[in-house]
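Structure, as structure tokens:
Keep in mind the model is a prediction, meaning the values are calculated, not measured. Residue numbers begin at 1 in each chain, while the letters A, B, ... track the order of the sequences.
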Amino acid sequence: MSVPVLASGPEAGARFSAVGTRPSVTALRAEWTKLRTLAGTWWLLLAVIALTAAVGAGAASAVTCQAAGCGQDPAKIALSGIDLSQAVVAILAVLAISGEYSTGMIRTTLTAMPRRLSVLGAKAVALTALTLAAGAVGVLASMLAGRLILPGRGFTRLHGYPPLSLAGPDLRAAAGSVLYLALVALLALGVATAVRDSAVSIGLVLALLYLFPVIASALNPHWSRHLEQIGPMSAGLTIQVTAGLRGLPLTPWQGLGVLALWAAGALLAGAAALCLRDA
Amino acid sequence: MTDTLYRSQIQPGHDSFAQTVRAEWVKFRTVRGWVIGLAVAALAILALGLGPSSQGSCGTNGPASDCTQPLGPGGEQVTDSFYFAHRPLDGNGTITVRVTSLTGQIPDFSGGSSGPQTRSGLVPWAKAGIIIKASTTQGSAYAAMMVTGDHGVQMQYDYTGDAPGWAGAVSAASPRWLRLTRSGDTFTGYDSADGAHWAKVGVATLTGLSSTVQGGLFATSPPYWQASGSGTSVTGGPSEATGAFDHVSLIGGWSRTGWTGTAVGDAGGPAAGSPGGFQDAAGRFTVSGVGDIAPAVSGAAGLGVTITQTLIGVFAGLIAVAVVGAMFMTAEYRRGLIRVTLAATPGRGRVLAAKAVVIAAVTFAVGLASSAIVVTVGQRVLRAHGVYVWPVTALTEARVIVGTAAVLAVTAVIALAIGTILRRGAGAVAAVIVVIVLPYLLTVTTPLLPAGPTDWLARVTPAAAFAVQQTLIPYPQVDNAYVPSAGYYPLAPWAGLAVLCAWAAVALALAVWTLNRRDA
């Protein structure tokens, strides 16, 4: 009488590879399925698009430019919805990992895919793709709203403001804002992987984003300039600036680079915690 | 043989609200993470408020560098700089003049690079007229009749007193006659179009005057400012006003020594620090002056900071409190404890009320202790670093401390309510931060929008509550950028807190409704 033996070890792996896919692709497909089948994901992505466009359009209809050289930055105004929608992106990213911890799903995930770094990598890729897509739609909508609304608020060629377009500095501001959202998602994913609890993670991420500018305003100019250089939001959002670049503490791409460093640091911390810790 | 029924030794419960509160308090204090969260909030408030945030120069370069502002008769800080052509008045007397013009110089920023030029123009509260003042010392008591740039004839006294007279601008074709009468400590101001028919503008009673006071002609002009094209920042500089007088007549105990010119509190004008001056050409006087005679205000170019500066860490504290407040409810859903809780206390509204009482009381206590320390010690730290901190009354200081603690407590209740509605920690915490900290960022820290929408945000969003931290008073007789980023909120302190409480009430009502309607 023979007892059926559960396939284990290399044999089990062989069964998967028989399908003909590499493990990293399998991991990506698994994470994509998880993210896509959560109802919350699509509502949050919709909120990213709607808030980016609505706040941008609202800000564009609130400003006025009465004379030439009114010192405004139309691209930054049209893209000001990012200030708000980054919080929604952060929720999406935090839930992508902390949701697994709160339901215990993480144990299933790590049993199925023991290579923990590929799990985190696959999550990061799936999340980045979704954020880039939603961010691009939202940013395009707000640029279009700005292009339609701002000339009526005095931002005319006569006052030195050509309509918003997807060229030159405006293109940099728009594309950079989409990248900004993706980097915020990665930052939040890294923090949430290290912290695990969703409420604490979102609190930490939003504190990192919003507190630097608030505290910088209370310090003397020397220190506040330094804080603006290292704060992920204040540095990262310099990518949106198209007027008065000379007075900025960082160039736009340097600023986005600072945010990228924050995201990389958070992901490293998350990866280290994931590899070293029991699930 | 008798069977004895088992009876629990525990007394039957009264099922009172106090018991529910007690149960929730036990839950709160036994979860280490929540206690740590509140400790983080307190530490953030203390660390950011007591750290050496700014560096000033007041008092750090010897006694001469002390930053002081003159105090008026009411003890308030005042600006008292003007050009004064004066002579002593002993006892009662009357001074009458005719003002034929008020002109001035203001900075011109349209030129651009080569520094501010000046052009002719008047600021709204440019002043010239007659004044009787206890002495030429800054901050001494006074009563004055004046013509102004935009506000017609005014009678002003002791810095805060203000009574409007005849409206409209003065010109050679439409001169203004002004009269000021001293009778003991009572001063009465009159204006007239022709020097024959007089209308009383106001009466002021000054205290602590000696018999001999100084009276005469004066001119002064507060700094000019303009909002940038976007309305989000302010530029400005000193301005100068010149008044032309004739038909000067003195009745009563005036000295016969002639006029003495004094630049009271030399403020430095647009033309390379000119303090003003006066000319007497056969009974036609021109007096030019720079400065203001008014309550001091802190504006874009204002001196020093307010005690609110020490409370900057409250924003970090708010985020920590929001996390704890939301988790106080969402953790019950995550662990399934909510089913036990609701089985023990079937009145679901009561459970939520008990939780709200506990979280509000705990965060209020933590907020009160930390903001009391940070306000009292923090302003000493700032002063030790040479920063001029606007003095406030003890009552104002108490209001700022209690109000800040209340903002933290009500925020925790909002987080609890949103946590109940959403049942998800991440969404609840993000929602609270977005509705409280983000509007503050957009109205106070880096105003992106012009004054109108910013004002509206500071009235209706929960960030209106930060009005409870304001210590500056806007004065109608001082033209200033009274905007949130300069420390002036559109709502009164407690009205701002009431806006936050209204948000909390709506959130709690929604939470009770969803809690009753839903399966746990």
Inset, instruction - Heavy atoms only, distances under 4.5 angstrom: which of Asp73(A), Ile91(A), Leu206(A), Leu204(A) has the most pairs with chain B? Name it, please. - result: Leu206(A)
Inset, instruction - Please look at Ala316(B) and chain A and tell me whether the side chain, the backbone, both or neither of the residue comes under 4.5 angstrom of a heavy atom of that chain. - result: both
Legend entry - Distance-only polar pair, side chains of Thr404(B) and Gln469(B), donor-acceptor under 3.5 Å: yes
Inset, instruction - Evaluate the criterion side-chain hydrogen bond (donor to acceptor under 3.5 Å, both in side chains) for residue pair Thr310(B) and Gln379(B); output intermediate values, then yes/no. - result: CA-CA 7 Å; Thr310(B) 62; Gln379(B) 50 180 309; over 6 Å; no
Inset, instruction - Output the option from Val429(B), Val432(B), Val434(B) having the highest count of non-hydrogen pairs under 4.5 Å with chain A. - result: Val429(B)
Legend entry - Among the listed options Val214(A), Val63(A), Ile215(A), the residue most often paired with chain B at heavy-atom distances under 4.5 Å: Val214(A)
Legend entry - Donor-acceptor under 3.5 Å (Thr52(A) side chain, Ser85(A) main chain): no
Legend entry - Residue part contacting chain B, namely of Leu84(A), when any heavy atom lies under 4.5 Å: both
Inset, instruction - Counting only heavy atoms closer than 4.5 Å, note whether Leu442(B) contacts chain A via side chain, backbone, both or neither. - result: side chain
Inset, instruction - Please confirm whether the backbone N or O of Ser98(A) pairs with a side-chain atom of Ser198(A), one donor and one acceptor, at under 3.5 Å? - result: no
Inset, instruction - Just give me the residue among Ala326(B), Gly37(B), Gly425(B) that pairs up with chain A most often, heavy atom to heavy atom, under 4.5 Å. - result: Gly425(B)
Inset, instruction - Answer with side chain, backbone, both or neither: which region of Ala322(B) has an atom nearer than 4.5 Å to a non-hydrogen atom of chain A? - result: neither
Inset, instruction - Would you mind checking if Arg225(A) and Glu228(A) are paired as a salt bridge, meaning a charged N to carboxylate O distance below 4.0 Å? - result: no
Inset, instruction - Answer yes or no: are there more than 12 heavy-atom neighbours, outside Arg119(B) itself, under 6.0 Å from its atom CZ? - result: yes
